[in-house]
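Below is one structure, written out as structure tokens; comments come after it.
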Amino acid sequence: MKILALNCGSSSVKYQLYDWENQKVVAKGIVERIGIGDSFIVHEVPGKETHREEYECHDHIAAINLVVHTLESPTKGVISKISEISAVGHRVVHGGEKFKRSVLITEEVVKAIEEVQHLAPLHNPPNLAGIRGAQKVLPDVPHVAIFDTAFHQTMPEYAYLYAVPYEWYEKYGVRRYGFHGTSHLYVSKRAAALLGKPAKECNIITMHIGNGVSHTAIKNGVSVDTSMGLTPLEGAVMGTRCGDLDPAVPLFMQQQLNITPKEMDNILNKKSGILGITGKYTDRRDVIAGSEQGDNRCNLALEIEAYRLKKYIGAYYAVLGRVDAIVFTAGVGENAWLIREKALQGLENLGIIIDFEKNKKTFSKSGETEISTPESRVKVFVIPTNEELVFIEDVVAILNGTYKDHTEHQYTFLK
């Protein structure tokens, strides 16, 4: 059984073909610049040279057609015919309150995703375009939707509601939803396995730190709070997103700069965060290098990011009452030892004690690693995330009729 996983953006399609029987990725890649000209595909097969080809794709249907033709190409492909693809899994950013788990896509599901696309106007429309495109290119196989927001639908009402007019929630769905759900699910389950306890008995703080950043308080195996909100803009400092700020700031600056709400939204999402502070960088490696070379704004960016991380650890410690483990994951969380160190220093009274030397030597390639000392009451892990595996396993379980809520489902990575 081979599963094609698709992550469709406004001008790109990321893909991965997974061989379920052999438990391995056989090909992956991306089509870029869809609908804007000069589009191309980058196709990777393990053990072979990366293939890049320019091919004009005016829409997502053309892009997905290009993906399938590349996968079955006699020279570049990994399958002999299209019928080898058993199912397609689609990443959908926002499921609102309608979806608490992955689902087989039907026309009713498509309509429900359309009904909540106002909550993610930059993400859900291209996700839907990818679904429709893939259904036309691969009409004879099941299609499954996996939602970024689903894992967080266990949050209690007092955690997800904002203190704004209640009618905003009733009429417009304004509330905290959270994102990066498959990543938080995966690393929290792996942390439970490393602790040697059932996930239902574990309290864990998961720190997904990449260009986008979100943290989750997981109590007895389920999400009870998370840092991103109605949109992925709320929460920690990110590569280009501001994270938490006084809500009056955008209104004040709109007046000062005489700009539109759309322009302000663009600034908060694409010109703020680490980029806003440094004026030139989003990659934390560049920021760390700049700090080491005496760039004060790079140093300030590091201190601000680490300070915000530390505040979230403290806040979620209070929410959980007892913490079994803290998990760092995603590109920055797995590789930026200095940011981890700065975020964790001074938390010894909370029972969080790190092994500084081990932390310095830990990167993604290190695999799952504990960076806390034996004396630390709270274990601290660096766990490379594997959102794709959650994605694939949900699709397979739905096809097999064995899929359950994540608190009951027996994922292969629970051991």
Side-chain angles (χ1 to χ4, degrees), residues 1-9 12-31 41-48 50-51 60 63-73 76-93 101-105 127 130-131 133-135 137-148 150-151 180-187 189-190 329-331 364 367-368 383-404 406 409-415:
M1 182 186 295
K2 293 183 176 68
I3 309 298
L4 178 63
L6 296 177
N7 182 355
C8 298
S12 67
V13 171
K14 293 180 183 178
Y15 66 92
Q16 180 172 286
L17 187 66
Y18 193 87
D19 183 338
W20 177 249
E21 278 76 20
N22 294 303
Q23 297 285 292
K24 65 178 183 179
V25 176
V26 293
K28 64 179 181 178
I30 185 169
V31 181
I41 186 171
V42 176
H43 178 70
E44 299 177 48
V45 176
K48 295 186 178 181
T50 298
H51 169 74
H60 285 77
I64 295 167
N65 252 321
L66 175 59
V67 169
V68 172
H69 289 318
T70 303
L71 289 170
E72 63 176 352
S73 162
K76 305 175 288 288
V78 291
I79 57 175
S80 57
K81 51 187 177 180
I82 195 172
S83 60
E84 289 183 41
I85 298 174
S86 302
V88 183
H90 298 264
R91 180 194 181 210
V92 179
V93 168
R101 55 196 294 181
S102 301
V103 295
L104 187 69
I105 296 175
N127 294 162
I131 290 171
Q135 286 177 326
V137 175
L138 295 158
D140 300 321
V141 300
H143 293 254
V144 174
I146 297 90
F147 299 90
D148 277 12
F151 180 67
H180 295 141
T182 50
S183 178
H184 291 292
L185 186 157
Y186 177 81
V187 298
K189 302 292 188 187
R190 285 303 307 144
T329 194
S364 291
E368 297 176 343
I383 300 178
T385 192
N386 194 339
E387 297 176 77
E388 291 80 10
L389 187 55
V390 176
F391 205 99
I392 297 299
E393 292 209 20
D394 281 5
V395 173
V396 171
I398 286 173
L399 295 185
N400 291 339
T402 58
Y403 183 60
K404 299 178 182 178
H406 77 85
H409 187 60
Q410 291 302 304
Y411 286 103
T412 62
F413 51 82
L414 290 176
K415 301 176 182 179

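These numbers come from a predicted model, not from an experiment.
In this structure, Thr329 contributes its side chain and Ile383 its backbone to a donor-acceptor pair below 3.5 Å. Put simply, the side chain of Glu393 gets close to the backbone of Thr412: a donor and an acceptor are under 3.5 Å apart. A distance-only check finds no donor-acceptor pair linking the side chain of Asn386 to the backbone of Tyr186 [under 3.5 Å]. Between the side chain of Glu72 and the main chain of His69, no donor-acceptor pair closer than 3.5 Å is present. Side-chain atoms of His43 never come within 3.5 Å of backbone atoms of Val67 as a donor-acceptor pair (strictly under, hydrogens ignored). Under the 3.5 Å distance criterion, the side-chain polar atoms of His409 are left unmatched by any main-chain donor or acceptor of Asp394. Between the side chain of Arg101 and the backbone N or O of Tyr403 there is at least one donor-acceptor pair closer than 3.5 Å. Checking side-chain atoms of Asn7 against main-chain N and O of Tyr15 turns up no donor-acceptor pair under 3.5 Å.
Rounding to the nearest 0.5 Å places NE2 of His406 at 12.5 Å from NE2 of His184. Between Ile41 atom CD1 and Leu66 atom CG the span is 4.0 Å, to the nearest 0.5 Å. The distance from atom CD1 of Ile30 to atom NZ of Lys14, rounded to the nearest 0.5 Å, is 5.5 Å. Annotation: the span from Thr385 atom OG1 to Leu185 atom CG amounts to 9.5 Å, rounded to 0.5 Å.
Between Gly133 and Ile64, the shortest heavy-atom contact is C-CD1, 3.9 Å.
For the side-chain hydrogen bond (donor to acceptor under 3.5 Å, both in side chains) test, no residue two or more places apart in sequence or in another chain qualifies with Ser83.
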